[in-house]
Number of protein chains: 2
Amino acid sequence: MATLRDVAALAGVSVKTVSNVVNGHAFVKAENRRRVEEALVATGYRPNLGARNLRRGRTGFLALVLPELDIPYFAELAALVLRAAQAHEWNVLIEQTFGTREGERATLASLGAHLIDGAIVSPEALMEGDFAALAPGIPVVMLGEHTVDLPLDRVGIDNVRASEEAVRHLASLGRTRIAAIGAHPHRDTAAQRLQGYRSALAAAGLPPRDDLVATALNYHRRDGAEAMAALAALPDPPDAVFCFNDLLAVGALRTAAERGLRVPEDIAVVGFDNTEEGAYGRPSLTTVAPDKAAIAEAAVHLLRRRVETSDLPPEDIRTPFRLVVRESTAG
Amino acid sequence: MATLRDVAALAGVSVKTVSNVVNGHAFVKAENRRRVEEALVATGYRPNLGARNLRRGRTGFLALVLPELDIPYFAELAALVLRAAQAHEWNVLIEQTFGTREGERATLASLGAHLIDGAIVSPEALMEGDFAALAPGIPVVMLGEHTVDLPLDRVGIDNVRASEEAVRHLASLGRTRIAAIGAHPHRDTAAQRLQGYRSALAAAGLPPRDDLVATALNYHRRDGAEAMAALAALPDPPDAVFCFNDLLAVGALRTAAERGLRVPEDIAVVGFDNTEEGAYGRPSLTTVAPDKAAIAEAAVHLLRRRVETSDLPPEDIRTPFRLVVRESTAG
DNA sequence: TTGAAAGCGCTAACAC
DNA sequence: GTGTTAGCGCTTTCAA
């Protein structure tokens with residue numbers, strides 16, 4: 001594999017001149033430029049990005065740390081981050097944490113190895129103390145709201161307000177026994193959505209019922225299906241359910257169908273994330289739609305800013321969302 | 001950020017000794033080892049992987065090149081490749097090509113920049129000539145079967161046999177007007193699945209009908225929905241449809257429901273990929289299930305082998321698949 | 001066992 | 001405009 005030196009030797013010029021041509025720097029005599037370009041082609045020269053970055057002190061890589069890539073919301077988000085990063089000439093390294101505290105700690109700790117310029121992290125189970133494991137000096141942008149008050153850039157939607165809107169919609173349909181699926185002992189996001197659920201209930205004058213709040217330790221389809229089965233078996237079952245993500249809602253819809261419950265007549269269902277899967281299901285899913293492209297772009301933008309300038313005050317960007325009403329509540 | 005030199009200075013030894021400790025090489029005098037380890041902790045030393053790799057001539061990165069990350073099949077596959085790569089201490093760089101020839105060419109061309117040890121490529125629109133754009137010397141493993149006879153390692157299932165099995169299943173249900181959705185002018189995979197569809201039709205003694213073969217330029221839900229609408233409008237509409245991926249099938253199911261067609265009574269539907277989305281839909285989707293974990297592991301394994309030893313003959317691994325029968329054909 | 005020093009391929013300060 | 005050269009942080013001969 002040809003190096004700058006090889007090209008220089010072939011063209012009969014110095015490495016500097018070749019470097020200038022390759023990087024489009026400075027003015028190069030036409031004659032030399034021509035010879036360098038010929039030599040470039042002849043040798044099939046490709047710059048060694050590793051060497052270049054070592055020299056420049058940047059790596060050209062950005063890490064995207066998320067729970068699981070095969071959860072549609074994260075897959076869609078990752079696709080958008082890839083696009084946004086491309087515009088900044090960043091390559092994206094994806095790391096899965098599987099949503100466990102251990103996975104997140106290990107990933108964050110390994111990030112310090114100088115091989116990324118920064119990271120976009122979507123934490124799930126992370127605790128305040130875990131951030132000590134973060135390699136110091138690596139710019140990080142956090143996705144989602146968090147109760148921990150860390151001096152880090154953040155991007156995400158207002159989960160409380162979004163959840164309130166979802167539940168208000170259900171209440172406006174005349175539903176009075178509104179359940180929630182997705183409570184979780186450690187996740188901030190779950191706590192916020194639960195809070196929104198409760199405050200909307202109160203605002204609508206509906207009594208809170210603990211038996212209508214279903215915990216989900218994971219947010220997969222299966223968990224939604226199981227939670228729905230438990231809710232349906234209640235002596236006084238719900239007539240509506242707010243799921244903390246679309247996957248839970250898909251599982252809930254499946255169980256409802258198996259139990260012979262009509263959606264939305266017998267039970268209305270709302271999800272969260274606006275994944276395409278929900279839009280094509282039967283019935284199609286009413287859901288909270290965060291602006292994923294805005295999240296991806298803001299995250300990359302914030303990271304870029306922080307990589308270029310240190311000592312900036314942390315920024316907190318709340319991206320827009322809207323409620324998309326579809327068949328699962330439109331009865 | 002501390003370097004090896006800083007650590008050496010603090011410990012009062014040479015860089016070599018620190019390097020030896022860090023890499024677990026050779027024997028180091030106990031006293032020195034202790035002092036180095038102390039200095040390592042005191043400075044919070046992290047090896048600069050970029051520099052290490054420049055020296056070692058490897059990068060520690062592997063590129064996974066695929067059409068779109070937010071297509072569930074690719075998201076699931078990517079998640080599995082990430083896992084498999086982790087076992088080989090490879091970081092994974094994901095690149096999207098959006099399934100266009102231009103995107104695939106550009107990505108392949110940029111791969112040459114010494115920043116990856118090898119690539120796993122899932123091509124879609126690539127032509128034979130495009131491989132000239134591939135940086136020479138970069139080990140590549142191709143996903144899927146291809147008609148182009150390139151001397152590259154390959155991993156994938158036997159598309160023709162898998163498709164035959166799907167269509168045979170439909171025929172065994174007594175269906176006689178079996179349609180196909182997903183024909184494509186340039187994609188090898190589409191050609192193979194079409195071939196399997198046709199040969200199974202012939203084997204079952206069913207006449208081929210061109211009007212029952214629907215082209216899909218993309219394999220998204222929307223494309224499946226549109227194709228199904230066209231098929232349903234035919235004077236002699238199909239009583240079964242074989243979709244070349246699950247997403248097309250999801251779209252087809254949606255259209256069938258909107259048209260009041262009962263599945264599987266009026267029309268049976270089979271997909272391809274066995275994504276989780278299909279399993280939870282209503283009706284749940286019968287589908288060809290490739291062993292995705294086997295594909296991911298074989299691909300990473302083959303790449304590892306080729307990175308370590310050059311001049312190996314290309315290998316072609318056919319991974320297993322099975323037909324998963326669910327509600328969409330079980331009537 | 002450990003140290004000194006070369007060099008992986010590149011960029012950029014400095015000289016000409 | 002172009003050449004020379006130091007050095008990014010690391011590994012690794014070669015000597016001591």
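Throughout, a chain's letter reflects where its sequence line sits, starting with A, and its residues are numbered from 1.
Between the CZ atom of Arg35(B) and the P atom of dT1(C) there is a distance of 17 Å, given to the nearest Å. Nucleotide dT5(D) holds its C1' atom 15 Å from the CG atom of Leu4(A), rounded to whole Å. Whole-Å rounding puts the Leu49(B) CG to dC8(D) C1' distance at 15 Å. Following rounding to the nearest Å, Arg5(A) (CZ) and dT5(D) (P) show an atom-to-atom distance of 12 Å. Between Lys16(A) atom NZ and dT5(D) atom C1' there is a gap of 12 Å when expressed in whole angstrom units. Between the CG atom of Asn23(B) and the P atom of dG9(D) there is a distance of 17 Å, rounded to whole Å. Computed from coordinates, the Leu54(B) CG to dG9(D) P distance equals 12 Å when rounded to whole Å. In this structure, Asn20(B) atom CG and dA4(C) atom P are separated by 14 Å, rounded to whole Å.
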*Could you please spell out the steps behind the side-chain contact (heavy atoms from CB on, under 4.5 Å) verdict for Ile94(B) and Leu69(A)?*
CA-CA 12 Å; Ile94(B) 298 184; Leu69(A) 198 50; 4.0 Å; yes

*Are Arg34(A) and Glu37(A) close enough, and set up right, to give a salt bridge (Lys or Arg N to Asp or Glu O under 4.0 Å), and what steps lead you there?*
CA-CA 5 Å; Arg34(A) 194 187 52 72; Glu37(A) 277 164 354; over 6 Å; no

_As a quick check of understanding, evaluate ring pair (Phe, Tyr, Trp, His ring centres under 6.0 Å) for Phe61(A) and Phe61(B), giving each step before the final call._
CA-CA 11 Å; Phe61(A) 290 103; Phe61(B) 289 102; 4.3 Å; yes

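Listed pair Asn32(A) / dT2(D) meets the phosphate criterion, a side-chain N or O lying under 4.0 Å from OP1 or OP2. Contact annotation: Ser14(A) side-chain N/O to dG3(D) OP1/OP2 distance is under 4.0 Å. In this structure, Ser19(A) does not reach the dA12(C) phosphate: none of its side-chain N or O atoms is under 4.0 Å from OP1 or OP2. Distances shorter than 4.0 Å separate some side-chain N or O of Thr17(A) from OP1 or OP2 on dG3(D). OP1 or OP2 of dT11(C) lies within a sub-4.0 Å distance of a side-chain N or O belonging to Arg52(A).
Within the nucleic acid shown, Lys29(B) comes within 4.0 Å of sugar-phosphate atoms alone, with no base atom in reach, counting heavy atoms only. Using a 4.0 Å heavy-atom criterion, one finds that Asn53(A) contacts no nucleic acid atom at all.
Here dT5(D) is the nucleotide among dT5(D), dA5(C), dG3(C) with the atom lying nearest to any side-chain atom of Val15(A). Closest to the side chain of Arg55(B), out of dG7(C), dG9(C), dT2(C), is dG7(C). You'll find that the side chain of Asn48(A) is closest to dG9(C), out of dG9(C), dT2(C), dG9(D).
Considering every non-hydrogen atom in both Ile317(B) and Leu302(B), the closest pair reads CD1-CD1, 3.7 Å.
Salt-bridge annotation for Glu38(A) and Arg35(A): absent, with no side-chain N of the basic residue lying under 4.0 Å from a carboxylate O of the acidic one.
Along DNA chain C, the nucleotide closest to Arg56(B) and the one closest to Gly12(B) are compared, and the more 5′ of them pairs with Gly12(B).
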